[in-house]
Every structure is written in C-alpha cells, then in structure tokens.
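None of these values were measured; they are calculated from a predicted model. Position 1 is the first residue of the sequence; numbering continues from there.
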Amino acid sequence: MTAVDLRSDTLTMPTPDMRRAMAEAELGDDVFGEDPTINRLEQRAAELMGKEAAVFVASGTMGNLLGVLSLAHAGQEVIADADSHLFVSEGAGAAALGGVQVRQVPTAAGVMAAEQVRGAVRPTNDYHAPLTAAICVEDTHNRHGGVCWPLEALSAVRAVADEYGLAVHMDGARIFNAAVAQGAAPHEIASIADTVTFCISKGLGAPVGSVLCGSAEVIDRARRWRKAVGGGWREAGVLAAAGLWALDHMVDRLVDDHANARSLAEGLAELPGVSIDLSRVQTNIVRFELADMSASDFLAGCRERRVFGGGSGRAVRFVTHFGVEAADVQRALTACTEVLSAS
Ligand SMILES: *Cc1c(COP(=O)(O)O)cnc(C)c1O
C-alpha cells in the first residue's frame, strides 16, 4: 500500500508534463544573466507579485536570507514574530552572515498586531539600541497552521513601517495558498512588502527553488549576496522551467489541498483526545494537539498504518498537497481513529 505522506508539501514530485518542460528548457549561464528560462521565470514572478525585479534562488531560506540582507545591514535589527520560519528554522543565517539580529514578537497565531510591531521598533535617539531596519511577515504562517494574514493586518503593519521609515519583507513561501484561500491576487497581498519570496518547491510542486521579488535596486543587492553565499548557479533554467510550468498549472488546484485539509481537520475534530482549532485551518496545514498521547507515539501508530505526519510534544502536523486525494484523507482519518482508540 502506498503511503499517505502528510509530512510536508515539499514532498510533491514533478509531473510528467513538468519533467518534459524541464527537459526541453532553453538554457544559458545564469551568472552571465543568459539563462532565458530563468529570465522568464523572474519576469513572471515580478509581474505576479507586482514588483520591478526578481531573482531565482535555491530555497525559501535563501530567499529570506537575501531579502533580509538586502534590507538591513550589520548591527541592525529586523522585527519578526517569534514563531517565524525566519527566526526558528533558518540557522540564524541573517545573524551569522550579515550581523542582523531578529527582534521577536510573540503572537497567538503568527499575525503581529500593529501595536506590537510599533512597540518593537527601537528608538533612534538611543545609542544603546540597535537600529530597526525592517519588519518581516510570514504569509501563510507555517508554525501556526497555515493561517493567512488578514489584508487589513498587513496594511496596518505597512503603516507602522511607513511611520518609522522601515522596509517590509514578506516570507510568502506559501503566498499562493493565501491568495487562493482569500480570493486575492498575490500582488494585492504582496503590495505591502518591499521584498517578497515564494517557494515553487512546496504546494506548486516544482522540485527546487524560490523567487525573491522587489525593486530593481534591492534585487540587485540580493544578486550580490546570492553570489556571496554560493548561490550563483549556471544552467539552472532546468529548474526554472518547472517553476514556470507550476505557475501555469498548479496554482488553481491549491483549492483541492485546502478542501482536503478542511475535511481532514473536521474529521479529526470528531475524534476523542484531539484538540483542534478549526478556525486556524485556512489552507493546506492541519495542526492539532493530543490530550492523552505523545505526538511521537501517535505518529508511530500512524506510520504502521502507512500514514506519515510530523510533530513534537503533543502537537501533530499534517500537510495536504498535490498527490494527496480525498480517499487518502479518509485513510488518514481511519488510521488516526485506530491509533487513538488503541491508546
Ligand atoms: C519552507 C519554508 C521556508 C523555507 O523554504 P526552504 O525551501 O525549505 O528553505 C521559509 N518560510 C516558510 C514559511 C516556509 O514554510
């Protein structure tokens, strides 16, 4: 029996048509700016996000790193929520490589209130304090279960940025999930950001890569940093071709992932010992807490039934994605029911 693998939407495999597009991609040396497929992807991404320019990078982590390093310099600070991927899961890259410190704002659901952000901005007339350079927002929010930032909340953060002359970086690894869930265009969501990065390697199903978008001037700085961290790649148009194909064919189908996540969450909510906030299940991530069992025991039981997920402590995470069908959700629910009733 094939596994129902709900560990992450990064697990998606390229489709035969996507592979064909990769095989047939027109290539050149991207460090020379001569890969026509990468140039097309960058132009397309910039248009979609409503920005002047874009740079294709190896990962979401690299996109965030280059975004932050292009907006802030050594001795400065960026504000981000305490559970942000940038702060929690990126090896302190901005600090290690750029001398940029992250000021953390605690949140209930990954969405920072304007007042909190204002409170975290450092005074400029105090030599003790680092200078605040930028605010980082994560949309959708990974560790808070794929919640979308309400557009008004994004505008409120932008207003604080404008008040203090700060930049905004958006970690839009899953911005297309947010766009589909909110019925908004990606450029509307990204309009509050100076720089925005999105992953083609997650729900969009491409094997590798992210794109960082922003003004021509900022993206020029990002290209310099990309080279410095060893991210200047050559005929990477084979990868960009997958991204272009994904942007044409994989965005609209994200609604299916969201519907599957929703039915998975609703089924889980019926099970004894499961605590889940259905209002947080807005896209393709389902997070819940177990009352009487550790996540590792629960997931081991699921694994025996060929259903894979992630988690720690008592928190479990399932992520729906291309290749996970409605029938797989039912299989996952059956497995969860069995594991919980055996405990
Ligand atoms: C996955 C993810 C990233 C990093 O992407 P990688 O390609 O794994 O480096 C950044 N931010 C968020 C919110 C993510 O979910």
task = Using distance alone, with no hydrogens and no angle criterion, decide if His141 and Asp83 have a side-chain donor and acceptor under 3.5 Å apart.
result = no

ask   = Which residue pairs satisfy the ring pair (Phe, Tyr, Trp, His ring centres under 6.0 Å) criterion with at least one member in residues 27-74, sequence neighbours excluded?
value = Phe56-Trp233

inquiry  = Would you say that Arg305 contacts Val4 through its side chain, given a criterion of any heavy-atom pair below 4.5 Å between the two side chains?
reply    = no

inquiry  = Tell me whether Leu86 shares a hydrophobic cluster with Leu71, the cluster being built from Ile, Leu, Val, Met, Phe, Trp, Tyr side chains joined at under 4.5 Å.
reply    = no

task = Check the surroundings of atom CG in Asp126: do more than 12 heavy atoms from other residues, nucleotides or ligands lie under 6.0 Å from it?
result = yes

key: Interatomic spacing from OG1 in Thr320 to CD1 in Ile285 - rounded to 0.5 Å   = 8.5 Å

query = Is Cys199 close to Leu204 at the side-chain level, that is, under 4.5 Å between some pair of heavy atoms?
reply = no

query = Quick one: CD on Glu42 to CD on Glu47, what's the gap to the nearest 0.5 Å?
reply = 12.5 Å

request  = Would you please name every residue forming a salt bridge (Lys or Arg N to Asp or Glu O under 4.0 Å) with Glu163, sequence neighbours left out?
outcome  = Arg118

inquiry  = Can you confirm whether Gln282 sits close enough to Thr140 that some side-chain heavy atom of one is under 4.5 Å from a side-chain heavy atom of the other?
reply    = no

query = Considering only heavy atoms from C-beta outward, does the side chain of Gln76 approach that of Thr132 to under 4.5 Å?
reply = no

key: Nearest heavy-atom neighbours spanning Met22 and Val238   = CG-O, 3.2 Å

inquiry  = Does Glu34, at its CD atom, have more than 12 non-hydrogen atoms belonging to other residues, nucleotides or ligands within less than 6.0 Å?
reply    = yes

query = Is there a path of hydrophobic side-chain contacts, each under 4.5 Å between heavy atoms of I, L, V, M, F, W or Y residues, that connects Val57 with Met170?
reply = no

Test item: Leu264 and Asn260 side chains (from C-beta on) under 4.5 Å apart, heavy atoms = no

key: Straight-line distance of Glu270 CD to Cys336 SG, nearest 0.5 Å   = 13.5 Å

inquiry  = Distance check, rounded to the nearest 0.5 Å: His321 atom NE2 versus Lys202 atom NZ?
reply    = 12.5 Å

ask   = Less than 4.5 Å apart, any side-chain heavy atom of Val78 and any of Ile135?
value = no

request  = Return the minimal non-hydrogen interatomic distance between Arg234 and Val31, and the atom names on each side.
outcome  = NH1-CB, 3.1 Å

query = Going by distance alone, is a donor N or O of one side chain under 3.5 Å from an acceptor N or O of the other, for Asn64 and Glu90?
reply = yes

task = Go through the structure and list residues passing ring-ring contact (aromatic ring centres under 6.0 Å, His included) with Trp149, not counting sequence neighbours.
result = none

ask   = Does some side-chain heavy atom of Arg40 sit less than 4.5 Å from a side-chain heavy atom of Leu244?
value = yes

task = Of all the heavy-atom pairs spanning Val208 and Ile200, show the shortest one and how long it is.
result = O-CD1, 3.3 Å

query = More than 12 non-hydrogen atoms from neighbouring residues, nucleotides or ligands closer than 6.0 Å to CZ on Arg331, yes or no?
reply = yes

query = Which one of Asp139, Val168, Ile175 satisfies the side-chain contact (heavy atoms from CB on, under 4.5 Å) criterion with Val196?
reply = Ile175

Donor on one side chain, acceptor on other, Thr15 and Asp17, under 3.5 Å = no

Beyond-backbone contact of Glu266 with Leu333, side-chain heavy atoms, under 4.5 angstrom = no

message = Considering only residues two or more places apart or on different chains, which pairs with a residue in residues 190-214 satisfy ring pair (Phe, Tyr, Trp, His ring centres under 6.0 Å)?
response = Phe176-Phe198

inquiry  = Going by the rule salt bridge (Lys or Arg N to Asp or Glu O under 4.0 Å), which residues pair with Arg122 if we only count those two or more places apart in sequence or in a different chain?
reply    = Glu77

inquiry  = Could you see if Val121 belongs to whatever hydrophobic cluster contains Val111? Use Ile, Leu, Val, Met, Phe, Trp, Tyr and a side-chain cutoff under 4.5 Å.
reply    = yes

ask   = Could you state the interatomic distance from NE2 (His187) to SG (Cys213), rounded to the nearest 0.5 Å?
value = 13.0 Å

query = Name the one of Arg317, His85, Arg287 that satisfies side-chain hydrogen bond (donor to acceptor under 3.5 Å, both in side chains) with Asn142?
reply = Arg317

task = Could you tell me which residues satisfy side-chain hydrogen bond (donor to acceptor under 3.5 Å, both in side chains) with Ser8, sequence neighbours excluded, listed by chain and number?
result = Thr10

task = Measure the CZ-CG distance between Arg221 and Leu66 for me, rounded to the nearest 0.5 Å.
result = 12.0 Å

key: Side-chain donor-acceptor contact under 3.5 Å, His169 with Thr195   = yes

ask   = Ring centres of Phe318 and Phe288 under 6.0 Å apart?
value = yes

query = On the ring face of Phe308, is Arg303 found with NZ or CZ under 6.0 Å from the centre and within 45° of the axis?
reply = yes

